[in-house]
Amino acid sequence: MTSWLPMIGLTALPQVGGLYGGFITRKEVKTWYPTLNKPSWRPPNAAFPVVWTCLYTGMGYGSYLIWKELGGFTEDALVPLGLYGLQLALNWAWTPIFFGAHKLKWASFFSSSAFVEIVFLTGTVGATMVSWYPVSRTASLLLAPYLSWLCLATALNYRIWRDNPEKKEE
C-alpha cells in the first residue's frame, strides 16, 4: 500500500517550488513585469502556469523512476539525484531573483543575475539528462520538454536582460 507514496511524493515535490514561485510572481506580473521591454515572440502570461505544472510533473515523475531504478537514495543515486536536486534548487531560485529582486544584470559583486542563473540551470538540466539516460531512458526523455522550455526561457531572459538597462539606485 505504501509503495505508491514515493511516486506521489517525488512527483509532487517540484510543485512546491512552483507554488512558491507563483506566489512571488502573482503581484510582479501585474506591476513590474509589464514595464519591461520584451520581445514579440514571448509566450502569453497565461501559458506559464500551465506549462510549468506539466514540466514539474514530468521532472518529478522522472526523479521517481531514477530513485526506483537505483534502489532509493543509494550511493549509485548520488550523482543522478544530486544533479536533479541542484537543478531543482536553481529552478526554484530563479523566480525570487528575477521577479522578487528584479536582478536582471550584475549590479554589484554580491548581487545575483537572473540571466546568469538560468544559464547555469539550463546546463545543469542537460547534465541531469546525461546522468539519467543510462539509468532510465524514459526518465531522461521526460526532461526533454523542460530543457526545450528552458532554452526558450533563456533566450527570453537574455532579451529582457539586453533590452532593459538596470536603473541606478539612489
Side-chain angles (χ1 to χ4, degrees), residues 1-33 38 42-74 77-103 112-133 135-157 160:
M1 177 161 164
T2 60
S3 63
W4 54 269
L5 286 176
M7 180 186 66
I8 298 295
L10 289 169
T11 302
L13 176 64
Q15 305 293 345
V16 172
L19 291 170
Y20 174 68
F23 178 75
I24 292 171
T25 305
R26 188 175 339 153
K27 176 182 162 231
E28 300 298 331
V29 82
K30 294 176 186 167
T31 56
W32 173 73
Y33 189 68
K38 295 173 286 299
R42 75 174 172 83
N45 291 344
F48 287 86
V50 175
V51 169
W52 278 112
T53 299
C54 294
L55 296 175
Y56 282 141
T57 302
M59 78 171 78
Y61 186 69
S63 74
Y64 164 73
L65 293 176
I66 297 300
W67 177 87
K68 182 178 146 196
E69 190 66 31
L70 294 176
F73 297 110
T74 62
L78 184 64
V79 171
L81 291 179
L83 283 169
Y84 172 72
L86 175 60
Q87 74 77 30
L88 194 57
L90 288 168
N91 178 295
W92 290 350
W94 183 85
T95 299
I97 293 168
F98 185 86
F99 283 103
H102 304 170
K103 293 296 182 187
S112 296
S113 164
F115 175 64
V116 171
E117 200 274 356
I118 202 170
V119 169
F120 284 125
L121 169 58
T122 304
T124 305
V125 171
T128 302
M129 289 180 73
V130 168
S131 76
W132 283 15
Y133 194 83
V135 179
S136 170
R137 181 175 183 226
T138 301
S140 183
L141 293 176
L142 281 169
L143 294 181
Y146 177 37
L147 184 62
S148 299
W149 181 260
L150 280 177
C151 289
L152 173 70
T154 301
L156 176 60
N157 202 147
I160 291 171

Student: Would you say Ser131 and Ile66 make side-chain contact, with heavy atoms under 4.5 Å?
Tutor: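 Side chain of Ser131 against side chain of Ile66, heavy atoms only: no contact under 4.5 Å found.
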Student: Aromatic rings Trp94 and Phe98: how do their planes relate, parallel, tilted or perpendicular, breaks at 30° and 60°?
Tutor: parallel
Student: How long is the gap from OG1 on Thr124 to CE on Met129, to the nearest 0.5 Å?
Tutor: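 Going from OG1 on Thr124 over to CE on Met129, the span is 13.5 Å.
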Student: For residues Gly72 and Leu81, report the shortest heavy-atom separation together with the two atoms involved.
Tutor: O-CD1, 4.3 Å
Student: Walk me through it: do Thr128 and Leu86 pass the test side chain to side chain contact (heavy atoms under 4.5 Å, CB included)?
Tutor: CA-CA 9 Å; Thr128 302; Leu86 175 60; over 6 Å; no
Student: For Arg137, I'd like to know if atom CZ has over 12 heavy atoms of other residues, nucleotides or ligands within 6.0 Å.
Tutor: no
Student: Let me see the working for Thr57 and Tyr61 under side chain to side chain contact (heavy atoms under 4.5 Å, CB included), right down to the final yes or no.
Tutor: CA-CA 6 Å; Thr57 302; Tyr61 186 69; 5.5 Å; no
Student: How about Trp92 and Tyr20: do any of their side-chain heavy atoms sit closer than 4.5 Å?
Tutor: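 A side-chain contact under 4.5 Å is absent here.
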Student: Just how far is it from atom OG of Ser140 to atom OH of Tyr133, taken to the nearest 0.5 Å?
Tutor: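 The OG atom of Ser140 sits 7.0 Å away from the OH atom of Tyr133.
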Student: Can you tell me if Thr74 uses its side chain to pair, donor with acceptor, with the backbone of Gly71 under 3.5 Å?
Tutor: no
Student: Which distance, rounded to the nearest 0.5 Å, do you find between the OG of Ser63 and the CG of Leu83?
Tutor: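 Nearest 0.5 Å value for the OG-CG distance: 13.0 Å.
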Student: What's the spacing between Tyr33 OH and Arg42 CZ if we round to 0.5 Å?
Tutor: 5.0 Å
Student: Are side-chain heavy atoms of Leu88 and Pro14 found at a separation under 4.5 Å?
Tutor: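 In contact.
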Student: Return yes if some donor-acceptor pair links the side-chain N/O of Thr122 with the main-chain N/O of Cys151 below 3.5 Å, else return no.
Tutor: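 Not confirmed, Thr122 side chain does not pair with Cys151 backbone.
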Student: Let me confirm one number: the CG-CD1 distance from Leu90 to Ile118, rounded to the nearest 0.5 Å.
Tutor: 10.5 Å
Student: State, to 0.1 Å, how close Pro145 and Leu141 come at their nearest heavy-atom pair, and which atoms those are.
Tutor: CD-O, 3.5 Å
Student: Identify the heavy atoms of Phe115 and Thr154 that sit nearest to each other, and give their distance.
Tutor: CE1-O, 4.0 Å
Student: More than 12 foreign heavy atoms under 6.0 Å from CZ of Phe48: is that the case here?
Tutor: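 Count over threshold, so yes.
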Student: Which heavy atom in Pro43 sits nearest to a heavy atom in Leu156, and how many Å separate them?
Tutor: CD-CD2, 4.4 Å
Student: What distance separates Met59 CE from Cys54 SG, expressed to the nearest 0.5 Å?
Tutor: 11.0 Å
Student: Measure centre to centre between the rings of Trp52 and Tyr56, then say whether the value is under 6.0 Å.
Tutor: yes
Student: Hey, is the main chain of Tyr84 close enough, under 3.5 Å, to the side chain of Gln87 for a donor-acceptor pair?
Tutor: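 Here the side-chain-to-backbone pair exists.
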Student: Can you tell me if NZ on Lys38 sees more than 12 non-hydrogen neighbours from other groups inside 6.0 Å?
Tutor: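 Yes, because the 6.0 Å sphere around NZ of Lys38 holds more than 12 heavy atoms from other groups.
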Student: Quick check: does any side chain N or O of Trp32 sit under 3.5 Å from a backbone N or O of Phe99, one acting as donor and the other as acceptor?
Tutor: no
Student: With a 3.5 Å distance limit and no angle check, can you tell me whether Thr11 reaches the backbone of Ile8 through a side-chain donor-acceptor pair?
Tutor: no
Student: Shortest non-hydrogen contact from Pro80 to Leu70?
Tutor: CG-CD1, 3.9 Å
Student: Please test Tyr146 against Asn91 for side chain to side chain donor-acceptor pair (under 3.5 Å), starting from the C-alpha separation and ending with a verdict.
Tutor: CA-CA 11 Å; Tyr146 177 37; Asn91 178 295; 2.9 Å; yes
Student: Going by heavy atoms in the side chains, are Leu142 and Leu65 under 4.5 Å from each other?
Tutor: yes
Student: For a quick test of reading the model, state the closest non-hydrogen atom pair linking Ile24 to Gly100 and the distance between them.
Tutor: CG2-N, 3.9 Å
